[in-house]
There are 2 protein chains.
Amino acid sequence: MARERKFSTDELYRAVKQLLLEHGYDNFTISLLAEQLDVSRGTIYKYFENKEELLTEFMVREMDLFLLELKKVEAKRGFVAQFDYILELVFENTDFHQILSMASLIPAHLTKKALSNKKRLEQQHFEMYRLLADVIRLGKEEKKLKEHLPDSVILGFIFQVIAIPNYFGVPKPQWVASIKEILMHGMFEQDN
Amino acid sequence: MARERKFSTDELYRAVKQLLLEHGYDNFTISLLAEQLDVSRGTIYKYFENKEELLTEFMVREMDLFLLELKKVEAKRGFVAQFDYILELVFENTDFHQILSMASLIPAHLTKKALSNKKRLEQQHFEMYRLLADVIRLGKEEKKLKEHLPDSVILGFIFQVIAIPNYFGVPKPQWVASIKEILMHGMFEQDN
DNA sequence: CACTAAAGTGACAGTAGTGTCACTTTAGAA
DNA sequence: TTCTAAAGTGACACTACTGTCACTTTAGTG
């Protein structure tokens with residue numbers, strides 16, 4: 001009944017992701033995306049009213065995928081297993097962290113659809129926080145995590161840690177092990 | 001012999017800083033700066049050939065000011081005093097960290113002056129690394145820092161830590177103390 | 001085979017930036 | 001007072017986006 005599409009929805013979102021990571025939020029353009037998908041700019045506007053709608057739609061989708069994986073943490077028994085699972089997840093999704101940090105760059109004034117996407121994204125943010133806060137609560141209940149540390153500092157650390165630049169190319173296993181050790185027991189020798 | 005200037009060099013750089021922090025590297029414009037200084041755009045081009053020259057000049061200047069403070073670390077006796085000094089410096093200069101992170105957004109193709117500024121900035125980066133690496137070396141020599149942790153992970157942590165967002169407005173003294181404790185001894189209870 | 005409707009196109013108007021330059025203004029020197 | 005040169009101006013040409021829309025293309029239907 002209609003002409004064949006030149007790209008699938010999946011290809012589109014994969015291209016958006018690549019371009020966002022490569023050029024950053026502010027330098028992402030519809031021209032760049034159209035070029036990547038080998039179509040004209042006009043075509044993109046058949047699927048999205050404007051750039052912000054496209055980008056917020058993309059972010060909601062990414063967040064959904066990540067939350068799906070993160071929810072599996074509830075099935076893990078005991079704080080230590082949950083902690084390990086989260087760190088592994090975080091290190092397997094360094095892209096996601098970069099994308100997430102772009103959420104704050106979404107402009108304030110938006111069209112209806114983009115605005116509702118933004119609201120949804122805030123809900124997802126909150127859901128993510130709820131899941132992680134549960135893990136921290138368990139850690140404190142099990143007397144594994146230091147009671148007096150504010151939850152938000154603990155959360156902040158876990159998420160900020162993956163943004164540490166590996167300038168000198170420390171091999172990944174050593175890199176991850178080192179970061180995990182500092183998070184758990186610090187960089188100072190015990191007897192100090 | 002000449003007309004009176006409408007702004008001092010210091011006012012100019014203060015305006016640049018404010019606008020960079022407020023709008024980010026990509027959304028910094030000469031129009032915005034001119035407006036802030038209450039002059040026309042053309043005036044700015046009397047002092048700088050182009051935007052990148054202005055911004056690299058600004059960054060070199062900021063870096064110089066920071067290095068001046070950082071160098072004082074060499075006068076501190078013993079690793080613990082040096083460590084404390086650095087953390088204090090870092091938390092007193094959260095702006096600087098934001099500015100520093102923009103260095104990676106400077107485009108690759110630049111005019112002569114901007115390019116030489118960029119090179120200078122890289123030297124300063126290196127100088128900063130050298131100073132910090134010395135502190136870490138001392139920490140390991142004094143058996144205060146864990147020998148097996150790569151220097152770059154330790155450095156990365158210290159610098160990334162100040163970017164942790166204080167969403168829930170934990171009071172600053174508690175915030176800083178918590179972060180310092182995690183860095184030194186981790187978020188896990190000792191007996192685990 | 002002709003019709004339909006989704007898919008795709010490219011020219012268009014609008015906006016917002018950059019860097020340039022001939023010109024105007026003005027403080028101080030001669 | 002006149003002259004000079006630095007300081008400042010605003011119009012100009014250019015570039016690179018955004019979002020729109022009348023039009024073309026094409027796979028499948030009747």
Side-chain angles (χ1 to χ4, degrees), chain A residues 1-16 18-20 22-59 102 105-115 117-118, chain B residues 1-13 15-16 18-20 22-58 102 105-115 117-118:
Chain A
M1 208 172 176
R3 193 167 160 179
E4 204 177 352
R5 280 184 57 167
K6 294 180 78 178
F7 59 88
S8 68
T9 306
D10 239 62
E11 280 168 339
L12 179 133
Y13 284 121
R14 247 181 292 148
V16 170
Q18 189 218 301
L19 294 171
L20 275 180
E22 199 170 328
H23 300 270
Y25 189 93
D26 289 319
N27 295 313
F28 175 92
T29 67
I30 300 291
S31 313
L32 225 43
L33 179 59
E35 193 185 359
Q36 185 80 7
L37 294 171
D38 206 34
V39 293
S40 74
R41 266 182 347 98
T43 301
I44 308 293
Y45 287 96
K46 281 280 146 78
Y47 300 96
F48 301 93
E49 280 178 23
N50 54 53
K51 191 169 121 168
E52 270 67 40
E53 193 194 310
L54 185 161
L55 289 175
T56 52
E57 206 103 332
F58 165 77
M59 286 189 188
M102 294 176 188
L105 301 175
I106 301 170
H109 295 307
L110 298 165
T111 52
K112 256 176 256 174
K113 285 187 194 173
L115 196 64
N117 285 338
K118 199 187 174 191
Chain B
M1 209 179 179
R3 191 170 161 179
E4 202 178 352
R5 280 183 58 166
K6 292 179 80 178
F7 58 88
S8 68
T9 306
D10 238 61
E11 280 167 338
L12 179 133
Y13 283 121
V16 170
Q18 188 218 302
L19 293 171
L20 274 180
E22 197 171 329
H23 300 269
Y25 189 93
D26 289 321
N27 295 313
F28 175 92
T29 67
I30 300 291
S31 313
L32 225 45
L33 179 60
E35 194 185 358
Q36 185 80 10
L37 294 172
D38 206 35
V39 294
S40 74
R41 265 181 348 97
T43 302
I44 308 293
Y45 287 96
K46 281 279 147 77
Y47 301 96
F48 302 94
E49 280 177 24
N50 54 51
K51 191 169 122 168
E52 270 67 41
E53 193 194 310
L54 185 160
L55 289 175
T56 53
E57 206 103 332
F58 165 76
M102 294 178 188
L105 301 175
I106 300 169
H109 294 307
L110 298 165
T111 51
K112 256 176 259 175
K113 284 188 195 171
L115 196 65
N117 285 339
K118 199 188 173 191

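So you know, we letter chains A, B, ... as the sequences are listed, proteins then strands, and number each from 1. Small disclaimer: the values here were computed from a predicted structure and weren't measured.
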Rounded to the Å, how far apart are [X] [atom1] and [N] [atom2]?
X     : N      : atom1 : atom2 : answer
A:H23 : D:dA16 : NE2   : C1'   : 15 Å
B:R5  : D:dT9  : CZ    : C1'   : 16 Å
B:L33 : C:dT18 : CG    : P     : 10 Å
B:E35 : D:dG10 : CD    : P     : 14 Å
A:D38 : C:dA7  : CG    : C1'   : 14 Å
B:N27 : D:dC17 : CG    : P     : 14 Å
B:E53 : C:dG19 : CD    : P     : 10 Å
A:I30 : C:dG8  : CD1   : P     : 15 Å

So does [X] get a side-chain nitrogen or oxygen closer than 4.0 Å to the phosphate oxygens (OP1/OP2) of [N]?
X     : N      : value
B:S40 : D:dG8  : no
B:K51 : C:dT18 : yes
B:T43 : D:dT9  : yes
A:Y47 : C:dA6  : no

Item checked: Minimum heavy-atom distance B:Y25-B:I106, with the two atoms named -> OH-CA, 3.6 Å

Notebook entry, point to check: Is there side-chain contact between A:L37 and A:T43, with at least one heavy-atom pair below 4.5 Å?
Noted result: no

Checklist line | Close side-chain approach of A:L32 and A:N27, heavy atoms under 4.5 Å | finding: no

Item checked: Rounded distance (nearest 0.5 Å) linking atom OG1 of B:T56 with atom CG of B:L115 -> 9.0 Å

Notebook entry, point to check: Near B:E11 CD, under 6.0 Å, is it more than 12 heavy atoms from other residues, nucleotides or ligands?
Noted result: yes

Note to self: For B:K51, I'd like to know if atom NZ has over 12 heavy atoms of other residues, nucleotides or ligands within 6.0 Å.
What the structure shows: yes

Note to self: Which is more 5' along DNA chain C, the nucleotide nearest B:N50 or the one nearest B:E4? Just name the residue.
What the structure shows: B:N50

Next item on the list: State which residues pass side-chain contact (heavy atoms from CB on, under 4.5 Å) with A:Y13; sequence neighbours excluded, sorted by chain then number.
Entry: A:T9, A:F48, A:E57, A:F58, A:R61

Next item on the list: Would you give a per-nucleotide map of nucleotides 20-25 of chain C, 5' to 3', where B means the base has a protein non-hydrogen atom under 4.0 Å away, S means only the sugar-phosphate does, and - means neither?
Entry: B----B

